[in-house]
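Only a predicted model underlies this, so the values are computations on that prediction, with no experimental measurement involved.
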Amino acid sequence: MSLLVKQAITELRTAIMDAAGRAVADGEFPVAPLSDFIIEVPANRENGDYSSNAAMAWARDLKCAPRKIAQTIADRLFLSDTFFDRCEIAGPGFMNFYLKDSFNACIIQDILEKSADYGRSNYGAGKKINIEFVSANPTGPMHMGNARGGALGDCLAAVMDFAGYNVSREFYVNDAGNQIDKFGLSLDIRYQQLFKGEKAVELPEDSYHGEDIIQRAKEFAEINGDKYLDAPESERRQALVDYALPKNIAAMKENLTKYRIEYDTWFLESTLHNDGELKETIEIMKSKGLTYEKDGALWYKNKEVLGKRLAKEGKTPEEIERLELKDEVLIRTNGNPTYFAADIAYHRNKLQIRGFEKAIDVWGADHHGHVARMKGALDAIGCSGDDLDIILMQLVRLTRDGEVVRMSKRSGKAITLVDLLEEIPIDAVRFLFNMREPGSQMDFDLDLAVEQSSQNPVYYCQYAHARICSILKKLAAEGKEPRECSIPELSLLTAPEEKELIKHLSSLTDEIIAAARNYDPAKITRYAVDLATLFHKFYNSCRVNCDDEALMQARLSLCLCVKTVLSNVLTMFRITVPESM
């Protein structure tokens, strides 16, 4: 929370405790230890700016009715040196507190003083966090899940940075293992077909059948001709992979940069194989008795390890049995490590070798079964599974005219990230993908995303910012410029629309902290939409260019605060902040 809000809550808690102390001194309360109590913002703002349940929390301690406790405290409250004006008793003993107008004035001064840093906090205390997201296989184009995961992961990283964490964005490139073998095979067949015909060399059903594979094979053939046709199969496939893989990775980087995502690290899976970390991780598992050999493969005792973890979490033997846990292969019979083995080594690299205090992965919901076994494996090798948090992201459905859309108009193929970014403004894509919690299925309305109206949430927020810029320009044309206002001048902002707007502005820091704590950047896009709504409501009710110069300046200061906060939120999410629309 902002320092001012924190100060106000601290003042209120102190005032309540001091009043209780005076009640003891007066003989109204017995000497007794008192339970903790809550101070919170009431759901209904008519019930004060803050509310406390102290009287209910102390009823048992003091053996007294909550309503009587509340009145006794209220009669002895000293609020003159605090941000609070008065206290009212409601219901069975709720204590509702109302802020002085000077508090709102201080909020405005605080926003204007902090400017681009308003909303930042040290909640995360510099804790070193790794956020891995998208991590699409480099064997084909990125899809809608990658599009949503990209916006979610990048905006979560921005939120956590604002909340005071030391955040590193990471893309894990699967450039080794079975999918690369399949990639090489697919390229090889398509390359041969260019010269021999499709009937001469058939592409296996479980290979990659996309147009992108054909295109890469053609590019390779344009450079090398048929000289690899008679080369050994392994040599030909390696040459094709060495050509196509860097091209695909470069294309992913280019497209994600267009999407305004800049990673701190592109981590290659192959490094785990080449520098011995994967082998070292396997040896650790062997030394701890976590593996056994069967049918020429090396297996991990997942059923035993995960069963113990689930039992510690309170699962009954019957519940664990119903999960039908099974052991997992680490090294196949052909000597190649599985994806799971590499994944264990990769997360060990994050937590143990690179020293991140928390690893956060954004995965598709279809990977839910992989979460528990990864956490269990990390526990087993000496890391903590609790230091790995997985955000499971539901599917995206694209809609147009109320109908589900799966195919691109341009290519006739499944819509990719590139297709989406060519059709929809990037501002809209990034904002709209963060309008829902990660765990909820999402319908992305292609018509709404390009609509320039108040129905489009990102347009609505950008328009509020542009409207403020327009107000400032019109007043400047009349020779009226914003100036610094005094506390008494800012205290003139007493209209309900003004107070509601300031209250919302004051909650930004808390909202960012909550979004970081819950891994839910959608809280901030919703905050921005609510802010735009409250500003438009204020603008329609309170004339900024009024005859009272002091009130005009106070309202200009409030407009500048809204402009600052909208800019901070949109800039945080790498969304443009227009001054005219």
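Using modelled atom types and a 3.5 Å distance limit, the side chains of Q452 and N456 yield no donor-acceptor pair. Remark: the N545 side chain and the K480 side chain contain an N/O donor-acceptor pair separated by less than 3.5 Å. Side-chain N/O atoms of E451 and S453 include a donor and acceptor closer than 3.5 Å. Remark: the T494 side chain and the D101 side chain contain no N/O donor-acceptor pair separated by less than 3.5 Å. For the residue pair D427 and T576, a side-chain donor N or O sits within less than 3.5 Å of a side-chain acceptor on the partner. Between the side chains of S51 and N96, a donor-acceptor pair is found at a separation under 3.5 Å.
Side-chain contact between F83 and L12 is absent, with no heavy atoms from C-beta onward closer than 4.5 Å. Looking at heavy atoms from C-beta onward, D387 lies out of side-chain contact with F356 at the 4.5 angstrom threshold. Contact of the P33 side chain with the D61 side chain is not registered, since no non-hydrogen atoms from C-beta on lie closer than 4.5 Å. Between L4 and S506, every side-chain heavy-atom pair lies at or beyond the 4.5 Å cut-off. Put simply, the side chain of I73 reaches to within 4.5 Å of the side chain of F29, judged on heavy atoms. Taking the side chain as every heavy atom from C-beta outward, R76 and D18 never approach each other to under 4.5 Å. Side-chain atoms of F103 and D49, non-hydrogen and from C-beta on, never get closer than 4.5 Å to each other. Between L560 and I108, every side-chain heavy-atom pair lies at or beyond the 4.5 Å cut-off.
Between D85 and K100 there is no salt bridge, since none of the side-chain N atoms of the basic residue sits less than 4.0 Å from a carboxylate O of the acidic one. Between D389 and K358 there is a salt bridge, since at least one side-chain N of the basic residue sits less than 4.0 Å from a carboxylate O of the acidic one. The pair K350-E170 fails the salt-bridge criterion, with no side-chain N (NZ, NE, NH1 or NH2) lying under 4.0 Å from an Asp/Glu carboxylate O.
In this structure, E484 places its CD atom where only 12 or fewer heavy-atom neighbours from other residues, nucleotides or ligands lie under 6.0 Å away. Sparse packing is recorded around CZ of R60, with 12 or fewer heavy atoms of other residues, nucleotides or ligands lying under 6.0 Å away. Atom NZ of K474 has 12 or fewer heavy atoms from other residues, nucleotides or ligands within 6.0 Å. Counting non-hydrogen atoms of neighbouring residues, nucleotides and ligands closer than 6.0 angstrom, the CD atom of E254 reaches no more than 12 such neighbours.
Annotation: cation-pi geometry satisfied between K503 and Y50 (NZ/CZ under 6.0 angstrom from ring centroid, within 45° of ring axis). For the pair R13 and F37, the distance from NZ or CZ to the six-membered ring centre is under 6.0 Å and the angle to the ring normal is within 45 degrees.
Between F97 and F84, the ring planes lie perpendicular to each other; the angle is over 60°, past the 30° to 60° tilted range. Relative ring orientation between H504 and Y527 is described as parallel, the plane-to-plane angle staying below 30° on a 0-90° scale split at 30° and 60°.
The CG atom of D117 sits 7.5 Å away from the OG atom of S115 when rounded to the nearest 0.5 Å. Here the straight-line distance linking atom NZ of K473 with atom OG of S580 works out to 5.0 Å at 0.5 Å rounding. Put simply, CG on L421 and CG on L256 are 9.0 Å apart, with the number rounded to the nearest 0.5 Å. From K63, atom NZ reaches atom CD1 of I69 across 11.0 Å, with rounding to the nearest 0.5 Å.
For F78, the side chain to side chain contact (heavy atoms under 4.5 Å, CB included) criterion is met by R22, not counting sequence neighbours.
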Sequence neighbours excluded and cut-off under 3.5 Å, please list the side-chain donor-acceptor pairs for residues 433-441, or say none.
unit_1	atom_1	unit_2	atom_2	d
N434	ND2	A151	O	3.1
N434	ND2	R430	O	3.4
S440	OG	E437	O	2.8

### Message
Could you go through F133 and Y263, starting from their C-alpha distance and side-chain angles, then the distance that decides it, and tell me whether this counts as ring-ring contact (aromatic ring centres under 6.0 Å, His included)?
### Response
CA-CA 10 Å; F133 55 102; Y263 287 95; 4.9 Å; yes
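Within the 3.5 Å criterion, the main-chain N or O of S35 finds a donor-acceptor partner in the side chain of W58.
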